[in-house]
Amino acid sequence: MNRDEALQRMEVLYTEIENHNYQYYVLDNPSISDYEYDKLMKELLTLEEAYPELKKVNSPSERVGGEPLPFFSKVVHEIPMLSLGNSFSEQDLRDFDRRVRQGLEEGEKVEYVCELKIDGLAVSLRYEQGQFIRGATRGDGNVGEDITQNLKTIRSIPLQLKEAVNLEVRGEAYMPKKEFQRINKEREQQGEELFANPRNSAAGSLRQLNPKIAANRKLDIFLYGIGQLEGLDVGSHAEGLQALENLGLKTNKERQVVSSVEEMLVFIEKWTANRATLDYEIDGIVIKVNSYQQQEKLGFTAKSPRWATAYKFPAEESVTILKDIEVSVGRTGAITPTAILEPVLLAGTTVQRASLHNEDLIREKDIRIGDHVIVKKAGDIIPEVVQVLVEKRTGNEEPYSMPSHCPECESELVRLEGEVALRCLNPQCPAQIKEGMIHFVSRQAMNIDGLGEKVIIQLYQNQLIRDVADLYYLQREELLRLERMGEKSVDNLLQAIESSKENSLEKLLFGLGIRLVGAKAAKTLAQEFEELDRLAQASAGEIEAINEIGPKMAQSVVEYFAIPEVQEMLTRLKAAAVNMSYKGPKRIVDVDNSSFFAGKTVVLTGTLEQLTRNEAKEKLEALGAKVTGSVSKSTDVVVAGENAGSKLEKAQQLGIEVIDENEMIKRIG
Ligand code: IVH
């Protein structure tokens with residue numbers, strides 16, 4: 001095939017592939033098999049490889065994700081992306097309707113569009129002459145981040161519209177429930193922290209610099225509003241949504257035009273009852289005045305339009321029976337009680353277990369075995385027991401006491417001073433060893449792929465590993481003898497173990513799981529001491545002298561390195577050529593004392609939109625702040641994101657300064 005023929009064929013493939021994308025992802029009506037689709041995509045990739053200069057910017061091949069970006073550029077929203085005022089009750093909706101009617105001529109007819117409130121991440125898409133040219137996050141509403149390369153991986157976003165219009169359109173990118181469950185399962189196997197809800201996972205995926213990550217997570221989108229549209233004449237929101245569909249964009253079909261609060265309530269009731277049947281999460285219903293002319297008349301407050309409101313569903317609760325309490329042993333020996341429940345449907349999933357956190361909580365709530373309890377799931381995945389229904393007691397309920405001995409190794413359990421958790425202090429406890437290994441191989445630690453929980457248990461049960469050093473002495477033949485371990489997975493695993501030897505010291509240090517030493521402290525210690533041996537020989541005083549390291553952590557580090565089994569294990573790690581030196585940049589210790597945050601104790605609460613929790617924490621700590629998890633008298637500042645709850649209330653009660661995310665960013669400077 002010559003160059004001209006290649007160009008012609010590429011044009012055909014572009015159109016054909018994008019048409020299949022539209023059929024499959026927008027209309028949910030596949031026109032060819034996955035096999036045929038993959039064949040077309042492969043053909044396109046081959047041609048683009050042979051003639052890279054012919055590849056066009058919006059080629060469907062970009063949907064598989066290109067090279068990582070160094071950073072996200074900023075995008076200024078010409079028309080700010082506002083948020084919505086909330087309603088929680090029928091009364092709130094009646095008040096909203098009254099305010100709308102008061103803002104219009106007396107007796108004027110008002111229509112509303114009721115829509116599902118998708119729980120994802122607000123994004124803006126810009127098309128010029130019908131071509132997708134830029135996609136951005138909402139950010140603070142005025143300035144967002146350019147995430148075009150990630151949005152191109154969402155196949156229901158057309159790269160080219162059906163007409164050559166200039167359009168800025170807004171919508172919600174989201175992760176379908178099934179995909180959310182798949183990813184969390186994968187993360188659990190990898191020992192990674194789970195996403196709390198599909199909203200966080202969608203946001204987490206789209207805010208990655210590497211587009212391959214977004215491409216591997218099957219995100220989707222619903223478009224629900226027009227920012228700017230040139231050349232098309234639409235008079236109402238309902239017509240606007242229809243216009244978007246005509247251009248090839250995906251909207252949500254479950255919408256309805258209504259003319260009264262009563263009709264709104266019927267729509268709300270329907271979806272309160274049926275939200276579990278959807279394959280994406282919704283957290284409420286959005287109600288918008290239909291006529292654009294009326295919208296314009298009503299205008300905006302500083303934060304949100306007067307012509308729309310978001311009715312939020314109450315957190316879902318169910319009543320069930322607590323059949324038993326099970327305890328599990330964590331990596332640090334902490335004993336965690338879990339409620340075993342009579343299976344109950346809650347927010348679309350059957351719940352059989354709920355967290356009880358610790359012994360104090362069981363006592364405070366007077367939770368007994370056999371009790372009727374209320375379980376709640378407020379957007380998060382792990383349900384909680386919120387209350388006992390004392391009035392339902394029959395007298396046969398049994399008070400619970402925590403075991404005196406470890407359920408795994410039978411050592412006596414102790415409650416260390418100042419701690420709420422009971423602990424098993426036996427370093428040889430199999431449960432701790434297993435959890436410790438899972439932690440050691442996890443991404444933030446030694447990052448050894450292919451060592452999920454099941455493989456670790458298998459290795460342990462076959463006595464191939466007793467501690468983490470044994471991982472570096474595994475033999476190919478003995479691994480091949482294990483069930484479900486083929487040549488390929490064994491070789492991949494050995495390769496991953498081998499590569500982990502090169503990790504910089506902080507990963508090893510974090511992986512060792514020294515009590516109180518998290519990823520951040522591990523980095524500080526590694527930067528400061530540079531060699532593991534130097535840290536192992538340091539006194540508590542020397543360690544404590546480091547900015548950010550407190551006396552308890554220093555003591556814990558000293559105690560850890562004094563254990564003879566630890567010393568022996570480190571010798572074997574060293575003999576296996578595991579790197580024990582710090583390889584990163586040196587630490588900048590000079591804290592800028594002029595920063596507002598220097599020396600302050602800060603609590604982050606609610607959902608942050610522009611930074612992740614971790615990013616905010618790192619930035620604040622770099623400025624000399626201490627970021628803690630709970631609000632107390634010693635808290636100086638509380639940063640309240642969206643939906644901040646009890647911590648915000650407590651801060652207000654205590655008269656502590658509360659700022660929002662924008663203010664925090666401003667003060668970070
Ligand atoms: S309309 C002027 N419609 O809910 C604001 N928002 O605060 C226009 N959302 O951040 C928003 N589904 O990301 C609208 N059908 C829907 C929605 C929706 C979800 C999100 C949106 C916004 C938040 C409201």
Side-chain angles (χ1 to χ4, degrees), residues 18 22 25-26 57-58 62-63 72-84 113 115 117-118 120-174 202-203 206-207 214 219-252 255 286 288-293 295-296 298-300 303-305 307-308 310 609-610:
E18 276 307 279
Y22 176 68
Y25 294 101
V26 180
V57 178
N58 271 344
E62 294 188 11
R63 296 201 183 274
F72 291 121
S73 333
K74 299 273 176 244
V75 173
V76 176
H77 301 300
E78 278 174 39
I79 299 176
M81 290 181 76
L82 300 177
S83 61
L84 295 175
V113 182
E115 286 171 19
K117 184 168 185 301
I118 316 296
L121 183 79
V123 296
S124 139
L125 312 179
R126 182 168 275 285
Y127 288 86
E128 267 174 25
Q129 295 297 308
Q131 290 292 329
F132 178 47
I133 60 143
R134 197 175 57 221
T137 60
R138 173 172 176 268
D140 64 1
N142 293 311
V143 181
E145 282 176 328
D146 185 334
I147 53 163
T148 312
Q149 84 322 350
N150 282 336
L151 288 171
K152 280 186 179 174
T153 69
I154 301 183
R155 301 197 180 202
S156 48
I157 295 183
L159 300 174
Q160 191 177 343
L161 298 176
K162 291 187 189 293
E163 280 177 58
V165 289
N166 294 336
L167 166 75
E168 196 250 312
V169 61
R170 283 139 188 216
E172 198 84 352
Y174 67 92
L206 288 174
R207 298 197 63 253
L219 298 171
D220 209 333
I221 196 164
F222 286 121
L223 282 320
Y224 53 60
I226 297 172
Q228 285 172 314
L229 173 60
E230 289 166 21
L232 279 184
D233 189 23
V234 277
S236 71
H237 180 58
E239 281 172 30
L241 292 175
Q242 188 54 53
L244 295 181
E245 277 178 28
N246 297 346
L247 289 169
L249 291 154
K250 185 166 170 178
T251 64
N252 190 293
R255 56 181 188 254
V286 180
K288 304 170 183 171
V289 168
N290 193 17
S291 146
Y292 281 163
Q293 208 185 12
Q295 287 189 3
E296 213 165 294
L298 290 162
F300 299 84
K303 279 199 197 154
S304 47
W307 43 262
E609 301 251 330
Q610 300 169 64

Novice: Parallel, tilted or perpendicular: which one describes the rings of Tyr127 and Phe132, with boundaries at 30° and 60°?
Specialist: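 Rings of Tyr127 and Phe132: tilted, 30 to 60°.
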Novice: About how many Å separate CD1 of Ile147 and OG1 of Thr137, when rounded to the nearest 0.5 Å?
Specialist: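 With rounding to 0.5 Å, OG1 (Thr137) is 5.5 Å from CD1 (Ile147).
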Novice: Is Val169 close to Leu247 at the side-chain level, that is, under 4.5 Å between some pair of heavy atoms?
Specialist: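 They are not in contact (no side-chain heavy atoms under 4.5 Å apart), so the answer is no.
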Novice: Hey, does Leu244 have a side-chain heavy atom less than 4.5 Å from the side chain of Leu167?
Specialist: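 When only atoms from C-beta onward are counted, Leu244 and Leu167 do touch, with a gap below 4.5 Å.
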Novice: Would you say Asn252 and Glu115 make side-chain contact, with heavy atoms under 4.5 Å?
Specialist: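 Asn252 vs Glu115: side chains apart.
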Novice: Heavy atoms only: give me the nearest Ile154-Ala173 pair and the separation to one decimal.
Specialist: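 Shortest heavy-atom contact: CD1-CB, 4.3 Å.
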Novice: If you round to the nearest 0.5 Å, how far is CG of Asn142 from CE of Met81?
Specialist: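 Spacing of CE (Met81) from CG (Asn142) equals 11.0 Å.
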Novice: Would you find a donor on one side and an acceptor on the other, under 3.5 Å apart, between the side chain of Thr148 and the backbone of Gly135?
Specialist: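 Yes, because the side chain of Thr148 sits within donor-acceptor range (under 3.5 Å) of the backbone of Gly135.
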Novice: Would you say Glu168 and Glu78 make side-chain contact, with heavy atoms under 4.5 Å?
Specialist: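 Answer no - side chains too far apart.
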Novice: Does Ser124 reach the main-chain N or O of Ala136 with its side chain, forming a donor-acceptor pair under 3.5 Å?
Specialist: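 Looks like no, no N/O pair under 3.5 Å.
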Novice: Write down the atom of Glu62, the atom of Thr153, and the distance for their closest heavy-atom approach.
Specialist: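 Shortest heavy-atom separation between Glu62 and Thr153 comes out as O-CG2, 4.4 Å.
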Novice: Would you say the side chain of Tyr292 lies within less than 4.5 Å of the side chain of Ser236, judging by non-hydrogen atoms?
Specialist: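 Side chain of Ser236 against side chain of Tyr292, heavy atoms only: no contact under 4.5 Å found.
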Novice: Would you compute the distance between atom CG of Asp146 and atom CG of Leu151 and round it to the nearest 0.5 angstrom?
Specialist: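 Here the rounded value is 9.0 Å.
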Novice: Mind listing the closest non-hydrogen atom pair of Lys152 and Leu159 along with its distance?
Specialist: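 Closest approach of Lys152 to Leu159, heavy atoms only: CG-CD2, 3.8 Å.
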Novice: Atom CD in Gln160, atom CG in Asn58: separation rounded to 0.5 Å?
Specialist: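 Between atom CD of Gln160 and atom CG of Asn58 there are 8.0 Å.
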Novice: Can you check whether Asn150 reaches Leu219 side chain to side chain, under 4.5 Å on heavy atoms?
Specialist: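 Counting from C-beta outward, Asn150 and Leu219 never come under 4.5 Å.
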Novice: Any donor and acceptor pair, going by atom type alone, linking the side chain of Arg138 with main-chain N or O of Val123 inside 3.5 Å?
Specialist: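 Not confirmed, Arg138 side chain does not pair with Val123 backbone.
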Novice: When you measure from the side chain of Asn290 to the backbone of His237, do you find a donor-acceptor pair of N or O atoms at a distance under 3.5 Å?
Specialist: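 Side chain of Asn290 to backbone of His237, a donor-acceptor pair under 3.5 Å: yes, one is there.
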Novice: Got Glu245 and Val26 here, is their nearest side-chain heavy-atom distance under 4.5 Å?
Specialist: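 No, side chains not in contact.
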Novice: For residues Ala308 and Lys288, report the shortest heavy-atom separation together with the two atoms involved.
Specialist: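 In terms of heavy atoms, the two residues are closest at CB-CG, 4.0 Å.
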Novice: With side chain to side chain contact (heavy atoms under 4.5 Å, CB included) as the test, would you mind laying out the steps for Arg170 and Leu223 before giving the verdict?
Specialist: CA-CA 6 Å; Arg170 283 139 188 216; Leu223 282 320; 6.0 Å; no
Novice: Taking atom OG of Ser291 and atom CD of Glu296, what is their separation to the nearest 0.5 Å?
Specialist: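 So the OG of Ser291 and the CD of Glu296 are separated by 9.0 Å.
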Novice: Which atom names give the shortest non-hydrogen contact between Lys250 and Ser156, and what distance separates them?
Specialist: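 Minimum heavy-atom contact is CD-CB, 3.9 Å.
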Novice: Counting only heavy atoms not in Gln228 (residues, nucleotides, ligands), do more than 12 fall under 6.0 Å from its CD?
Specialist: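 More than 12 heavy atoms, drawn from other residues, nucleotides or ligands, come within 6.0 Å of this atom.
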Novice: For a quick test of reading the model, state the closest non-hydrogen atom pair linking His77 to Gly141 and the distance between them.
Specialist: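 Shortest heavy-atom separation between His77 and Gly141 comes out as CD2-O, 3.4 Å.
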Novice: If you measure from CZ on Arg134 to OG on Ser73, what distance do you get to the nearest 0.5 Å?
Specialist: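 OG of Ser73 is found 9.0 Å from CZ of Arg134.
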Novice: Without swapping roles, check the side chain of Gln295 against the backbone of Val289 for a donor-acceptor pair under 3.5 Å.
Specialist: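 Here the side-chain-to-backbone pair exists.
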Novice: Would you check if the side chain of Glu239 reaches a backbone N or O of Val234 as a donor-acceptor pair within less than 3.5 Å?
Specialist: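 Answer holds: no.
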Novice: Indicate yes or no: at least one non-hydrogen side-chain atom of Tyr224 is less than 4.5 angstrom from one of Val286.
Specialist: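 The answer is no, as the side chains (C-beta and beyond) never meet within the 4.5 Å cut-off.
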